[in-house]
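For the numbers below, each heavy atom of this structure counts, side chains included, while hydrogens, waters and symmetry mates do not. The first residue in the sequence is number 1, and the count goes up from there.
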Amino acid sequence: MPEHVSILQLTGVAVLALATVAWVLGLTRILRRALAEPTVWHAAHPLHGLPGQRDTAPHLESVELTPAERDAFAGLVRQLSDGR
């Protein structure tokens with residue numbers, strides 16, 4: 001044992017070393033468990049924070065335009081496409 005190192009410092013290093021070993025073992029165990037059955041976990045535990053997806057597209061809405069509205073729209077399209 002070095003003369004310039006106190007018992008508390010040696011104890012601290014030992015505790016940190018044991019904590020590191022325990023952390024690595026725990027992490028290894030968790031990762032092995034997660035990689036063993038990834039499809040079963042994903043199928044059994046959906047993400048609750050995301051809304052469910054629709055099976056079909058939303059209902060499409062349409063509005064019939066009057067002849068004046070169609071002419072106004074055509075004029076607008078012509079104005080916007082003249083710059084190109």
Side-chain angles (χ1 to χ4, degrees):
M1 180 166 91
E3 296 176 3
H4 63 280
V5 178
S6 70
I7 295 294
L8 289 175
Q9 288 174 330
L10 287 175
T11 305
V13 169
V15 168
L16 286 176
L18 287 174
T20 302
V21 169
W23 179 78
V24 168
L25 290 175
L27 184 63
T28 304
R29 182 178 175 202
I30 289 171
L31 289 176
R32 280 187 183 171
R33 187 182 305 164
L35 294 176
E37 300 175 14
T39 55
V40 173
W41 187 88
H42 291 295
H45 304 290
L47 298 175
H48 298 291
L50 299 175
Q53 295 182 353
R54 296 181 181 194
D55 291 335
T56 60
H59 177 68
L60 297 178
E61 297 180 6
S62 64
V63 177
E64 289 294 326
L65 299 177
T66 64
E69 289 172 332
R70 275 190 235 125
D71 291 339
F73 182 72
L76 179 64
V77 170
R78 278 193 298 274
Q79 285 179 354
L80 293 176
S81 63
D82 283 343
R84 292 186 183 197

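Hydrophobic cluster of Leu8: no remaining members, since no ILVMFWY side chain lies below 4.5 Å from it. As a member of the Ile/Leu/Val/Met/Phe/Trp/Tyr network built from side-chain separations under 4.5 Å, Leu25 groups with Val21. Cluster partners of Leu27, using a side-chain heavy-atom cutoff of under 4.5 Å among ILVMFWY residues and allowing indirect links, are Trp23, Val24, Leu31.
Thr11 pairs by the side chain to side chain contact (heavy atoms under 4.5 Å, CB included) definition with Ile7, Val15, not counting sequence neighbours. Under the side chain to side chain contact (heavy atoms under 4.5 Å, CB included) criterion, Leu76 pairs with Gln79, Leu80, sequence neighbours left out.
Shown here for His4 and Gln9, the closest heavy-atom pair between the two residues is O-OE1, 4.2 Å. Of all heavy-atom pairs spanning Glu64 and Glu69, the tightest one is O-OE1, 4.3 Å.
Side-chain atoms of Thr28 and Arg32, non-hydrogen and from C-beta on, do get closer than 4.5 Å to each other.
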